[in-house]
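Read the structure below first, then the notes.
Sequential numbering from 1 along the given sequence is applied to the chain's residues. Bear in mind that the values here come from a model prediction, so they are computed numbers and not experimental data.
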Amino acid sequence: MFERFNADDRVLSGKAFAQDELQHNLIHFISGIVDATKLKSSDGNLIFTQSAGHNPWLWVSNELEPEQREKLVQELVEYVKDDGYRGISAEPDTAKLFARAFCEVKGALFHTSMMLEAYHCPEVIKPLNVRGHLQQAAMEHTATIAGFMAGFSEDAFGMQAAKLEILLSMAEEAAGSGQMFLWMVDGTPVSMAKIAHRSTKLARINDVYTLPFHRKQGYASALVAELCAQLLQEKLTPMLYADAKNPDSNKVYQSIGFVEAGRIADIKFD
């Protein structure tokens with residue numbers, strides 16, 4: 001009923017998944033990780049992927065009837081019940097289906113940790129009269145990026161930043177990737193954003209962060225808008241995930257042309 005697949009499997013380019021591809025874009029990214037768990041149902045109506053240390057991501061085709069969806073998820077839970085998953089990320093109803101079935105088997109509880117809004121930007125609206133310019137990050141910006149990452153971790157997840165050496169290693173990798181970008185004002189980096197992943201049709205932006213004392217100046221809006229313009233020129237549709245409970249970030253993205261494309265529930269098992 002379930003089988004393993006590779007990143008070039010046709011299930012990822014099939015008609016059913018294509019309808020929900022934007023909302024479930026991270027599945028593309030996880031599928032490209034060599035040692036990730038990658039399962040699909042033999043009929044192509046379910047995809048289940050997981051990278052080490054993170055929630056699995058689950059997609060189930062909307063073309064199925066509710067009873068068929070529930071039966072398929074129950075079968076998946078039976079297949080993976082011996083694995084120690086700590087949560088699930090999926091379309092909200094699908095996530096709850098999996099969480100209920102999995103936690104019933106494990107004798108556990110679950111709660112929604114975060115609700116993510118998926119956005120795509122079919123046409124960018126650049127903000128006017130914003131000081132500064134876009135610049136690709138370089139190795140000389142490693143320490144600055146590490147500081148931004150620490151602030152992002154605290155703001156987005158309420159988590160204390162990782163140890164300095166870990167942050168510096170992550171920042172060095174980001175600075176050398178060619179995919180981290182900064183908004184510069186008078187030679188000073190004030191905001192950052194990263195192109196995290198490109199698939200055949202989409203490009204995901206993440207790690208959008210502005211230093212607290214530089215906020216409300218339009219810097220993040222201008223930075224993300226410039227990245228969107230570049231990606232659209234590459235014939236890729238920019239997309240990102242935002243915390244649905246953060247009205248400020250959602251308004252920023254909407255103001256530069258991002259349109260809602262569905263929600264993903266991040267559920268944790270207790």
Side-chain angles (χ1 to χ4, degrees), residues 5-14 17-40 47-59 87-91 114 116-122 124 134 136-137 141 145 148-149 152-153 156-157 169-182 191-209 220 223-243 249 253 256-266:
F5 69 92
N6 296 317
D8 59 352
D9 195 285
R10 62 184 180 181
V11 72
L12 296 174
S13 57
F17 182 65
Q19 295 175 358
D20 307 316
E21 178 180 7
L22 203 152
Q23 184 181 2
H24 297 80
N25 179 259
L26 213 72
I27 285 177
H28 273 298
F29 173 73
I30 301 170
S31 297
I33 299 173
V34 174
D35 59 351
T37 297
K38 288 161 274 192
L39 297 173
K40 66 174 183 176
I47 300 172
F48 181 84
T49 61
Q50 191 244 355
S51 58
H54 298 281
N55 270 11
W57 273 62
L58 170 64
W59 166 80
I88 188 69
S89 294
E91 178 275 327
M114 182 180 293
L116 298 174
E117 190 75 59
Y119 283 98
H120 68 123
C121 184
V124 66
L134 179 73
Q136 188 180 64
H141 300 118
I145 294 170
F148 283 0
M149 286 179 168
F152 178 83
S153 178
F157 307 111
S169 176
M170 293 169 59
E172 184 175 343
E173 181 180 355
S177 69
Q179 304 304 314
M180 179 65 80
F181 294 84
L182 303 170
S191 188
M192 76 171 183
K194 183 181 180 183
I195 301 175
H197 180 250
R198 287 174 171 86
S199 60
T200 55
K201 295 182 288 186
L202 304 169
R204 179 168 50 89
I205 297 170
N206 70 0
D207 291 356
V208 180
Y209 179 78
L223 169 53
V224 174
E226 289 293 341
L227 287 184
C228 288
Q230 288 188 11
L231 292 168
L232 288 167
Q233 286 185 341
E234 296 178 30
K235 307 300 183 185
L236 295 173
T237 299
M239 66 84 56
L240 51 78
Y241 296 103
D243 184 351
S249 63
Y253 298 135
I256 57 177
F258 279 91
V259 180
E260 294 177 358
R263 290 191 169 187
I264 292 290
D266 180 86

Check: Taking the six-membered ring for Trp, are Phe29 and His197 parallel (under 30°), tilted (30 to 60°) or perpendicular (over 60°)?
Finding: perpendicular
Notebook entry, point to check: Under 4.5 Å between any side-chain heavy atoms of Leu223 and Leu134, yes or no?
Noted result: yes
Next item on the list: Would you check if the side chain of Asp9 reaches a backbone N or O of Val11 as a donor-acceptor pair within less than 3.5 Å?
Entry: yes
Margin query: For Leu58 versus Ile27, what's the shortest heavy-atom pair and its separation?
Written below: C-CD1, 4.4 Å
Margin query: Between Phe148 and His141, does the ring pair (Phe, Tyr, Trp, His ring centres under 6.0 Å) criterion hold? Intermediate values first, please.
Written below: CA-CA 11 Å; Phe148 283 0; His141 300 118; 9.6 Å; no
Notebook entry, point to check: Rounded to the nearest 0.5 Å, how far apart are CE of Met192 and CE of Met149?
Noted result: 5.5 Å
Notebook entry, point to check: Is there side-chain contact between Phe48 and Ile88, with heavy atoms separated by less than 4.5 Å?
Noted result: yes
Notebook entry, point to check: Just how far is it from atom OG of Ser249 to atom CZ of Phe258, taken to the nearest 0.5 Å?
Noted result: 11.5 Å
Check: Within the side chain of Glu117, is there an N or O that forms a donor-acceptor pair under 3.5 Å with the backbone of Ala242?
Finding: no
Check: Is a side-chain N or O of Gln230 found less than 3.5 angstrom from the main chain of Glu234, in a donor-acceptor match?
Finding: no
Next item on the list: Flag the pair Trp57 / Asn25 as yes when at least one side-chain heavy-atom distance between them is below 4.5 Å, and no otherwise.
Entry: no
Next item on the list: Please report the shortest heavy-atom distance between Val224 and Ala193, naming the atom on each side.
Entry: CG2-CB, 4.5 Å
Notebook entry, point to check: Do you know the tightest heavy-atom contact between Leu236 and Ser199?
Noted result: CD2-O, 3.6 Å
Check: Hey, is the main chain of Arg263 close enough, under 3.5 Å, to the side chain of Gln23 for a donor-acceptor pair?
Finding: yes
Checklist line | Exercise: identify the closest heavy-atom pair between Ala225 and Val124 | finding: O-CG2, 3.5 Å
Item checked: Minimum-distance pair of heavy atoms, taken over all atoms of Tyr241 and Leu26 -> OH-N, 3.4 Å
Next item on the list: Enter the distance from Ile47:CD1 to His24:NE2 here, rounded to the nearest 0.5 Å.
Entry: 9.0 Å
Check: If you take all heavy atoms of Ala7 and Ser31, which pair is closest and at what distance?
Finding: CB-O, 3.3 Å
Check: Roughly how far, to the nearest 0.5 Å, is CG of Asp207 from CD1 of Ile195?
Finding: 12.0 Å
Notebook entry, point to check: Between the side chain of Lys38 and the main-chain N/O of Ile33, is any donor-acceptor distance below 3.5 Å?
Noted result: yes
Notebook entry, point to check: When rounded to the nearest 0.5 angstrom, what is the spacing between OH in Tyr119 and CD1 in Ile205?
Noted result: 14.0 Å
Check: Are any of the side-chain heavy atoms of Met180 and Ile145 separated by less than 4.5 Å?
Finding: yes
Notebook entry, point to check: Going through the checks in order, is the side chain to side chain contact (heavy atoms under 4.5 Å, CB included) test met by Arg198 and Leu231?
Noted result: CA-CA 10 Å; Arg198 287 174 171 86; Leu231 292 168; 3.8 Å; yes
Notebook entry, point to check: Quick one: are Lys201 and Thr237 in side-chain contact, heavy atoms under 4.5 Å?
Noted result: no
Next item on the list: Answer yes or no: is there a donor N or O on one side and an acceptor on the other, between the side chain of Ser191 and the main chain of Tyr209, under 3.5 Å?
Entry: yes
Item checked: Heavy-atom neighbours of Glu173 CD exceed 12 at 6.0 Å -> no
Note to self: I need the Leu240 CG to Lys194 NZ distance, nearest 0.5 Å.
What the structure shows: 15.0 Å
Notebook entry, point to check: Are any non-hydrogen side-chain atoms of Pro122 and Val259 less than 4.5 angstrom apart?
Noted result: yes
